[in-house]
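Read the structure below first, then the notes.
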Amino acid sequence: MATTRSAHTVWTGNLLDGNGVVTFDSSGIGEQPVSWPSRAEQANGRTSPEELIAAAHSSCFSMALSHGLAGAGTPPTRITTSADVGFQPGEGITGIHLTVEGVVPGIDNDTFVAAAEDAKKNCPVSQALTGTTITLSAKLAD
């Protein structure tokens, strides 16, 4: 079954001095303020498109990795993923770095890294962001 998820933003003012509010329509989880300074300087309690991409990418990647590991007969106990999305004013998004640590009984680190690389390549958000350099650091938890 196909799904569509929606959000909308109301922006007032110009780019540098204006601000907006992003509303998460599908989930109803609320609204988040957004501004140019929160994107290009310090967050100061506001979000940015890059942070929203990081949230989408880290959750999608975690789901894809969990699915791949379970499909291989080694379901994870825990997957912890962070996504760092770089942004340079005037240039745009400069890259995404995923960092993942997993607790997966019955596999070695090389197997985990290979599964993580596969998830990086095949998760739907990674596929949607193919114009961006995506790097990965992966390891099993100690």
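Computed from a predicted structure; not experimentally measured.
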Could you note down all residue pairs passing salt bridge (Lys or Arg N to Asp or Glu O under 4.0 Å) where residues 104-114 supplies at least one of them, sequence neighbours left out? none
Determine which pairs satisfy salt bridge (Lys or Arg N to Asp or Glu O under 4.0 Å) with at least one residue from residues 20-33, sequence neighbours left out, and list them in order. none
State, yes or no, whether a side-chain contact exists between L52 and Q32 at a heavy-atom distance under 4.5 Å. no
Would a 4.5 Å heavy-atom cut-off, applied to side chains only, mark T74 and F112 as touching? no
Do [X] and [Y] sit in one hydrophobic cluster, given that two such residues count as connected whenever their side-chain heavy atoms are within less than 4.5 Å of each other, even indirectly?
| X | Y | answer |
| --- | --- | --- |
| L69 | V103 | no |
| V125 | L136 | yes |
| I93 | I134 | yes |

Separation between [atom1] of [X] and [atom2] of [Y], rounded to the nearest 0.5 Å:
| X | Y | atom1 | atom2 | answer |
| --- | --- | --- | --- | --- |
| L65 | H67 | CG | NE2 | 11.5 Å |
| S58 | I53 | OG | CD1 | 12.0 Å |
| L140 | N109 | CG | CG | 4.5 Å |
| T12 | D17 | OG1 | CG | 11.0 Å |
| L129 | I96 | CG | CD1 | 4.5 Å |

Taking side chain to side chain donor-acceptor pair (under 3.5 Å) as the definition, give me every residue that meets it alongside N14, ordered by chain and number, with sequence neighbours left out. none
Name every donor-acceptor pair, under 3.5 Å, that has one atom in a side chain of residues 34-41 and the other anywhere in the protein, sequence neighbours excluded.
residue : atom : partner : partner atom : Å
S35     : OG   : S38     : N            : 3.2
S35     : OG   : S38     : OG           : 3.4
S38     : OG   : S35     : N            : 3.0
S38     : OG   : S35     : O            : 2.7
S38     : OG   : T47     : O            : 2.7
R39     : NE   : E50     : OE1          : 3.0
R39     : NE   : E50     : OE2          : 3.0
R39     : NH2  : E50     : OE2          : 2.7

Could you pull out every donor-acceptor pair under 3.5 Å between side chains of residues 75-87 and any protein atom, sequence neighbours left out?
residue : atom : partner : partner atom : Å
R78     : NE   : T80     : OG1          : 3.4
T81     : OG1  : S62     : OG           : 2.8

If a pair satisfies side-chain hydrogen bond (donor to acceptor under 3.5 Å, both in side chains) and one of its residues is in residues 125-141, list it, with sequence neighbours excluded. H57-S126, H97-T135, H97-S137
At their closest point, which heavy atom of A119 faces which heavy atom of F61, and how far apart are they? CB-CE1, 3.7 Å
